[in-house]
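Note on naming: letters A, B, ... go to the chains in the order of the sequence lines (proteins, then strands), and numbering restarts at 1 for each one.
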Amino acid sequence: VDRFRTRYHPGHLLQDGLRIRWTQCSGKVRWGKCSYTNICTSVYIIHKYLLFIYIYILLFRCLVVYPWTQRYFGNFGNLYNAAAIIGNPKVAAHGAVVLHGLDKAVKNMDNIKETYAELSVLHSEKLHVDPDNFRLLADCLTIVVASRLGTGFTADVQAAFQKFLAVVGAALRKQYH
Amino acid sequence: MSLSAKDKNAIKGFWDKIAPEAENIGADALARMLVVYPQTKTYFSHWQDLSPGSAPVRKHGKTVMSGVAEAVSKIDDLTNGLLTLSELHAFQLRVDPANFKILSHNLLVVLAIQFPSDFTPEVHVAMDKFLSAVALALSEKYR
């Protein structure tokens with residue numbers, strides 16, 4: 001966790017001479033009024049919690065709260081109720097896959113569209129995922145992170161985090177046609 | 001996606017726990033909505049101060065939550081129970097119904113923050129269904 005803190009602390013980035021423009025992205029997305037600190041904070045949050053939530057929470061909550069998403073996990077075995085979902089090891093493993101995908105976006109924040117080009121084709125051509133699910137997963141992740149962070153998840157951090165997830169969703173949607 | 005008996009029990013039980021904090025929940029959810037979804041600010045151009053914690057935001061959060069409280073009490077027939085509120089939103093306020101979903105999401109975020117242990121996946125799905133049902137009932141009179 002400490003490793004992530006030093007990597008993403010705003011001061012540290014500046015010292016390295018990296019000029020990451022937090023107010024503008026290489027695509028047509030602008031981070032706009034989201035301040036540098038807030039995006040760094042939300043990036044740190046994502047990394048800090050990758051270690052802790054990926055095993056259990058995000059996918060479980062999505063499969064319970066939006067049961068129709070189970071259509072994509074036909075070979076996962078027993079998903080009949082919340083207890084079965086929470087105990088299912090394939091769900092835990094897949095939660096990790098999804099969150100490592102998000103990690104890629106975090107590491108390439110100026111270039112998410114290109115980073116996700118192959119993933120977008122995968123979701124559209126092979127997995128046949130309805131893109132509305134990206135929004136559902138983003139909403140669920142926001143709520144899960146909010147419950148873990150409590151009042152630290154201020155309105156500004158929430159705005160930056162949701163904007164990031166919206167960019168991720170748009171990048172995943174890009175190759176659908 | 002109608003509310004089952006199990007959902008209604010979960011909602012009523014959870015509401016009893018959160019009711020004392022209703023004002024704070026409403027104010028926080030509204031504040032978050034105005035920050036995270038800036039397009040919602042268009043409905044409040046008559047307020048002087050739209051920042052989190054300001055007086056108009058707090059007051060309006062309280063108003064919104066009293067509406068939610070009314071919905072909880074009329075949970076068995078939301079469409080008829082919320083007719084007056086629906087008329088208000090449709091004819092006077094003219095709020096685009098897409099915004100009901102936005103406010104619902106922010107309410108869920110605030111509930112997750114303030115009641116992390118009570119906001120279990122079962123309560124989460126029940127509250128999500130309830131707020132969607134309330135939004136539907138509020139949209140009743142639009143056209």
Got more than 12 heavy atoms from elsewhere within 6.0 Å of NZ, A:K174?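 Incorrect, the count does not exceed 12.
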Using a cut-off of 6.0 Å, state whether more than 12 heavy atoms not belonging to B:K141 lie near its atom NZ. no
Name the option with the most non-hydrogen atom pairs under 4.5 Å to chain A; the candidates are B:P38, B:P121, B:A126.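 Heavy-atom pair counts peak at B:P121.
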Determine the option with the most heavy-atom pairs under 4.5 angstrom with chain A, choosing from B:H124, B:Q114, B:E122, B:M33. B:H124
A:Q162 portion near chain B, given a 4.5 angstrom heavy-atom threshold: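 Contact with chain B is through the side chain of A:Q162 alone.
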For [X] and [Y], test the side chains for any donor-to-acceptor distance below 3.5 angstrom and give the result as yes or no.
{"X": "B:S51", "Y": "B:D49", "result": "yes"}
{"X": "A:D139", "Y": "A:T142", "result": "no"}
{"X": "B:N106", "Y": "A:Q158", "result": "yes"}

Which portion of B:S117 sits near chain A, non-hydrogen atoms under 4.5 angstrom: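 Contact with chain A: none, neither part.
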Would you mind checking which part of B:F115 comes under 4.5 Å of any heavy atom in chain A, side chain (CB onward), backbone (N, CA, C, O), both or neither? neither
